[in-house]
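Here is the structure we will look at, set down as structure tokens.
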There are 2 protein chains.
Amino acid sequence: MQQNERGEPVTIVDIARQAGVSIKTVSRVINREEGVGAQTRARVQELVEQLGYRPNVSARSLSSRRSYLIGVIFMQVGAYHYVGEVQVGAMRACRRAGYHLVIEQVKPPETVGGVQAFADVLRDARFDGVVLTPPTCDDPEVLIAIEAAGLPYVRMAPHKEFERSPYVFTDDRRAAWEQTLRLWDMGHRRIAFIDGPDTHGSAIRRREGYISALRERGIEPRPEWIAKGEFLSLSGFDAAEALLRLPERPTAIFAANDEMAVGVLAAAAKHGLSVPRDLSVVGFDDTPAAESAWPRLTTIHQPTAEMAEAAVEMLIEGFGDERFRGRVVVRQLDYRLVSRDSAAPPPV
Amino acid sequence: MQQNERGEPVTIVDIARQAGVSIKTVSRVINREEGVGAQTRARVQELVEQLGYRPNVSARSLSSRRSYLIGVIFMQVGAYHYVGEVQVGAMRACRRAGYHLVIEQVKPPETVGGVQAFADVLRDARFDGVVLTPPTCDDPEVLIAIEAAGLPYVRMAPHKEFERSPYVFTDDRRAAWEQTLRLWDMGHRRIAFIDGPDTHGSAIRRREGYISALRERGIEPRPEWIAKGEFLSLSGFDAAEALLRLPERPTAIFAANDEMAVGVLAAAAKHGLSVPRDLSVVGFDDTPAAESAWPRLTTIHQPTAEMAEAAVEMLIEGFGDERFRGRVVVRQLDYRLVSRDSAAPPPV
DNA sequence: GCAAGTTACGACAACGTTGTCTTAAAATGA
DNA sequence: TCATTTTAAGACAACGTTGTCGTAACTTGC
């Protein structure tokens, strides 16, 4: 069923011979090109399915100068969940369109020769396009390498230079604003914030949302309420420790991601504080950690997989019209507030 | 530097012309084949570097019938960390050998048409080989699909049928045995265990190690001490709740993975138990969650990335000698006990 | 000094598609 | 009815490598 009479994979030649047409005609049917009569098309189509023919990607790319490969570029720094979601979403979109997903890791900036190695990989992988995740999507060297290779790319939640390429994003600023107001509306007035690294655009925008929400309610957030974090659980723990030692302790802590929020939970436990009775804690992202923490985290759902899916779709659609030539395409996806058990009105 | 005079990527033809030799000779140099004189080889080598030539993978695979693509097959069920580590390790090995890594997700068994879709993907991706992660590595349908495609594969920590293919593993049984004895030696006598799903071979072997350690010390583990878990944090939480309600409460809980151990920590917090003062908790795997939990988890380090690296190496080495024909190759890697803060002698 | 290897290379045909150009037949218009 | 356009299809040459085989030019052995 999947082999021709010589015991080898079915090729376009086999189809052509059996259908009594030229290989070019079969090629046209496969690629949904016009210029084929209805009956011919149907006959070829049927044979293709019957023999289980699948085009040879190598031959196809050699000839068409397309690889049907999309690359996802990331820098592994412990954000397994995020990268995993991106991959799953990207893969879904790829599969729908007959593409495959290749993953490539960029070494953290400090690594010697990292970018050169990356450029080499780009050149021999011959991707049709790549998706960039934060914080790589703002790394100037990486961007230059990709542009030098003439590759179309889409960035996910970029930090700056929005005109430089198409990108997908969610409104982090507004989401953080809503999250903060949610605490406010519960009655919290001393709301602290744990920041992410400045290399992530979303961290910055989340902080902005937090600040603007408080200002809107007529409160200027005190500097000591904003603690530096690194998006890692441990940094959330440390930041929370500092916040909980403040003379006027915050009644609520908003961590810029769930991982840090889990760290806050641990710090609260260490200080003998019951969440949410003595302290409310909210996160951001809605990772599995949020669901499995105790108490379950009130957070904001980030449609990571869907964003990646959208990014790949934009890439593939872009291949049609002269590869994005200059056009910047933007796609926004919606976040969603998730209410669980870690936030409640403050102690009276 | 990376383009020839026509502004297109440098090809083998450019090198050949400039070196004054035939393309075949260049090809020989590239592929480290013999039959080229020392000076010629040096001259070609230098030109290759100078012009930044990289072979076109499509052409190469079309001609050689190799894709230089390795696939990693997994089923996403929340084990982001594990899959992430596998990918990183596999990618490292691939890059060293000039291969690229393609990831493919298999839908959970219940999905309709899942395996057929998977078989299709296998056929058009034309991997040179694939790495299978648990629990996919024991899925009979998946194995049949891969074997039908004639693909060499290496399994990671398989569950059964060890003669069926090459595989890499760690001695989970012995590691769990050591972990249990470590608790015993601290003075614990009521040691409970939270199981993983039976579809994971390592879960089963971890349980065996736990049981045999207790038996060796002359204790028959009570059935109620072994709680069913699903390798997910929430299931650890639930299992711990049941264990902590036991009339004779265990003084230590050994969770078959870190994620569940974190769930146990949460359950302990809910019950007002201080870890490790009132209850010792140990995990398995040494994921980031173990480091960032509070208290930090005592666990066992699993060399996941290294295992994946080894798997890919075995695959690539195997391509040489007629593609593994019948030979089962096995590689064992070492685990490592990690002592942190979540285990201590039991209350007196 | 000559037959019998051995070494270092090249010519040429794959590999399985797609792109470009050509052409016979069918449809259209006057 | 005949010139003109449109449609459906095919011929043939890429695409950039590797595999197979052939063959001069050297070695080697006696």
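Proteins get letters first, then strands, A, B, ... in listed order; numbering begins at 1 in each.
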Exercise for the section: Report yes if some heavy atom in the side chain of B:Val44 is under 4.5 Å from a heavy atom in the side chain of B:Val21; otherwise report no. Expected result: yes
Fill in the blank from the handout: Rounded to whole Å, CZ of B:Arg65 lies from P of D:dT20 at a distance of 11 Å
Exercise for the section: Using only side-chain N and O atoms of A:Ser22, determine if any of them is under 4.0 Å from OP1 or OP2 of D:dG10. Expected result: yes
Fill in the blank from the handout: Atom CZ of B:Arg60 and atom C1' of D:dT17 are separated, to the nearest Å, by 8 Å
Practice task
For DNA chain D, find the residues of residues 35-46 of chain A with a heavy-atom distance under 4.0 Å and give them by number; none if there aren't any.
Solution key: A:Gly35, A:Val36, A:Gly37, A:Thr40
Practice task
Quantify the bending of the helix from C:dG1-D:dC30 to C:dA30-D:dT1 as the angle between its end axes, each fitted on five pairs, to 10°.
Solution key: 30°
Completion exercise
Assign each of B:Lys24 and B:Ser63 the nucleotide of DNA chain C bearing its closest heavy atom; nearer the 5' end lies the nucleotide of B:Lys24
Fill in the blank from the handout: dist B:Ile70:CD1 -> B:Phe127:CZ (nearest 0.5 Å) comes out at 9.5 Å
Exercise for the section: By nearest nucleotide on DNA chain C, pick out whichever of B:Arg126 and B:Thr25 is the more 5' one. Expected result: B:Thr25
Problem - Stepwise side-chain hydrogen bond (donor to acceptor under 3.5 Å, both in side chains) check, B:Ser22 with B:Thr25 - result: CA-CA 5 Å; B:Ser22 72; B:Thr25 299; 3.3 Å; yes
Fill in the blank from the handout: Between OH of A:Tyr68 and C1' of C:dG16 the distance, given in whole Å, is 14 Å
Problem - Pair B:Ser165, B:Arg155: side-chain N/O donor-acceptor within cut-off below 3.5 Å - result: yes
Handout entry: Nearest-Å distance for atom pair CZ/P, residues A:Arg17 and C:dG16
Key = 12 Å
Problem - Residues B:Arg96 and B:Glu309 bridged, charged N to O under 4.0 Å - result: yes
Handout entry: Near-ring test B:Tyr80/B:Tyr82, centroid separation under 6.0 angstrom
Key = no
Exercise for the section: Give me the residues of residues 26-34 of chain A where at least one heavy atom lies under 4.0 Å from an atom of DNA chain D, by number, or none. Expected result: A:Arg28
Practice task
Would you check if there is a donor-acceptor pair between the side chains of B:Asn31 and B:Arg60 at a distance under 3.5 Å?
Solution key: yes
Problem - Any B:Gln18 side-chain heavy atom under 4.5 Å of B:Leu51 side chain - result: yes
Exercise for the section: Nearest whole angstrom, please: distance from the P of C:dT20 to the CD1 of A:Ile23. Expected result: 16 Å
Exercise for the section: Of all the heavy-atom pairs spanning B:Gln87 and B:Leu101, show the shortest one and how long it is. Expected result: O-CD2, 3.6 Å
Exercise for the section: Just call it for A:Val21: base, sugar-phosphate, or nothing, with non-hydrogen atoms closer than 4.0 Å on any strand. Expected result: sugar-phosphate
Practice task
Starting at atom CZ of A:Arg54, determine the distance to atom C1' of C:dG16, rounded to an integer number of angstrom.
Solution key: 16 Å
Problem - Electrostatic pair A:Arg164-A:Glu147, nearest N-O below 4.0 angstrom - result: yes
Completion exercise
In whole angstroms, the gap separating P of D:dA14 from CG of B:Leu62 amounts to 17 Å
Practice task
Taking all heavy atoms of B:Leu132 and all of B:Cys137, pick out the closest pair and write down the distance.
Solution key: CB-CB, 3.6 Å
Practice task
Whole angstrom is fine here: how far is it from OH in A:Tyr53 over to P in C:dT17?
Solution key: 3 Å
Problem - Phosphate OP1/OP2 of C:dT17 contacted by A:Arg66 side-chain N/O (<4.0 Å) - result: no
Practice task
Would you confirm whether A:Asp14, through its side chain, and A:Thr11, through its main-chain N or O, come within 3.5 Å as a donor-acceptor pair?
Solution key: yes
